[in-house]
2 protein chains.
Amino acid sequence: MTRASSRRPGPPTRTERGIPEATVARLPVYLRALTALSDSGIATASSEDLATAAGVNSAKLRKDLSYLGSYGTRGVGYDVEYLRYQIAREIGVTQDWAVVIVGIGNLGHALANYSGFGTRGFRIVALLDADPKLVGERIGDMEVRDFAELEDIVERDRVSIGVITTPAGPAQEVCDRLVAAGVTSILNFAPVVLSVPDGVDIRKVDLSIELQILAYHEQRKSGEAALPQVPELPAMNGLTDLPSVGGVGA
Amino acid sequence: MTRASSRRPGPPTRTERGIPEATVARLPVYLRALTALSDSGIATASSEDLATAAGVNSAKLRKDLSYLGSYGTRGVGYDVEYLRYQIAREIGVTQDWAVVIVGIGNLGHALANYSGFGTRGFRIVALLDADPKLVGERIGDMEVRDFAELEDIVERDRVSIGVITTPAGPAQEVCDRLVAAGVTSILNFAPVVLSVPDGVDIRKVDLSIELQILAYHEQRKSGEAALPQVPELPAMNGLTDLPSVGGVGA
DNA sequence: TAGATTGTTAATCGATTAACAATC
DNA sequence: TAGATTGTTAATCGATTAACAATC
């Protein structure tokens, strides 16, 4: 398998902008699928092959790729290495993005240890926490630093992405500090809706919301007809009316 | 603030089905917002209040709520407790869903410790791992058990939700075992596309995909005009052509 | 009654999908 | 050339939004 070199296909001038959000969200999935194919020594793949590996249908995949340009060959398929590089470049992970993690509890700890931080393209430059008891603790080859150092670190390491793994309480304040320090992208694991000014992107990962979405569908599977999944072995909660739900009870 | 009791509003007969997916995904957000309002002692809220708390616009919120029924009062707003219970019931978190976590590495550990497992409505009944070195380890008030016990546990505790926090490698096999054991909803943290039979719901949480989506937008902020965020201090990577990206290099 | 706010309609927007002409 | 497969068009579907009649 030879490298794809820097040749470019036919008309390389595509809008380079205005890729639909739904497509943007799938590009990382395609990138991962291409990496897997590449690791298996597969040099060429059709849209059908790729779509299967990515878990989408081939029409959607071709439509998505068409926003990036014409990187396939009719009658043949896509050069795996070449397409992989094009997508990586489009996403921006041919660069190396500096990331700080704020809030080194269980989850922050887990993310700090996350090997390779998922995919290449990201580099954790600091683990921050405001708790003096945590500051100085070593995690892998890093040391937890004081949240007060945030501004210095963001400036010196050109940090553009912040990950918030604090509890809900301090999350908005942490967010404000990150934004004021110059961070323009935030990945929020705290269970709160954060508000940020225009120009700052925010994404949210929320375990309990994901579980609740699953529960909704699960409830409908059992069917109003069938028996509910209420645990009937313990069966000691005598609530008949308004169970405490969604946090602090009534 | 009095309990909403079991009164039901006007015509309680709505389709009870066919709530759009986008709406289902927002119901947990509304539930959390209502809980926050309730905790602040607020008894009534307008769609505008609620929408602000949930981070959406009020038209969308009203449209979403209209799929559940007519739980508001024109000219007044919504009774916070009452609406909270209705949404909790619609989602299914007035029940208690049994959950197993498979793969007790850093992330599984973190989730096991996650206080209250997010919101009420879910109960971790087992932490499972195939590694004999981990089996028997205590985490909080639970003990890691052998993955081989999966089938017994699922049957005895009527487990319908499984959380996969293994590495990518064993994830599909773990998934297959979960499904075979009777689990019908899966929350997957492993960076792979899992395939499941019809009738099994699967949701995916993927740190590296979230970061890549942020990177995409970040790249466009810097602008093709402005200087790229490439770290220029180390500046030792002499790659000019095809940097290794997305996993194992070329 | 006058003011406020819901629930719903209709218009708009964006995403998905199937089909196929272009072309390797 | 014949077969395969892309890139794109057009139809369909679902989600968002604004506006307002219904009604508390």
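Here is how names work: the chains are called A, B, and so on, in the same order as the sequence lines, proteins then strands, and each is numbered from 1.
Closest contact between the side chain of A:Pro20 and the listed nucleotides C:dC24, C:dA15, C:dG7 involves C:dA15. Across D:dC20, C:dT17, D:dG7, the shortest atom-to-atom separation from the side chain of A:Arg62 is found for D:dG7.
Phosphate proximity of C:dT6 to B:Thr73: absent, as no side-chain N or O sits under 4.0 Å from OP1 or OP2. For C:dT5, neither phosphate oxygen OP1 nor OP2 lies less than 4.0 angstrom from any side-chain nitrogen or oxygen of B:Ser46.
For the residue pair B:Asp64 and B:Thr23, a side-chain donor N or O sits within less than 3.5 Å of a side-chain acceptor on the partner. Checked by atom type, the side-chain pair B:Thr52/B:Asp49 shows no donor-acceptor distance below 3.5 Å.
Separating the CG atom of A:Asn57 from the C1' atom of C:dA18 is a distance of 9 Å, rounded to the nearest angstrom. Between B:Leu68 atom CG and C:dT6 atom P there is a gap of 15 Å when expressed in whole angstrom units. Look at OH on B:Tyr67: it is 7 Å from P on D:dA15, rounded to the nearest Å. Atom NZ of B:Lys60 and atom P of C:dT12 are 19 Å apart (whole Å). Rounded to whole angstrom, the span from the CD atom of A:Glu21 across to the C1' atom of C:dT16 amounts to 16 Å. Separating the CG atom of B:Leu61 from the P atom of C:dG7 is a distance of 10 Å, rounded to the nearest angstrom. Here the P atom of nucleotide C:dC20 and the NZ atom of A:Lys63 are 17 Å apart, to the nearest Å. Separating the OH atom of A:Tyr78 from the C1' atom of D:dT5 is a distance of 9 Å, rounded to the nearest angstrom.
Ionic pairing of A:Glu48 and A:Arg62 is not present here: no N-O contact between side-chain nitrogen and carboxylate oxygen is shorter than 4.0 angstrom.
Proximity of A:Val196 to A:Leu178: side-chain heavy atoms (C-beta onward) are nowhere separated by under 4.5 Å. The shortest distance between side-chain heavy atoms of A:Glu21 and B:His217 falls below 4.5 Å.
A 3.5 Å limit on both hydrogen-bonding distances identifies D:dA4 as the Watson-Crick or G-U partner of C:dT23. Look at D:dG14: its Watson-Crick or wobble partner, with both distances under 3.5 angstrom, is C:dC13.
Counting atom types as modelled, A:Arg74 pairs a side-chain N or O with a base atom of D:dT6 as donor and acceptor under 3.5 Å.
DNA chain C is contacted by both A:Ala22 and B:Leu65; B:Leu65 maps to the nucleotide lying nearer its 5′ end (nearest heavy atom per residue).
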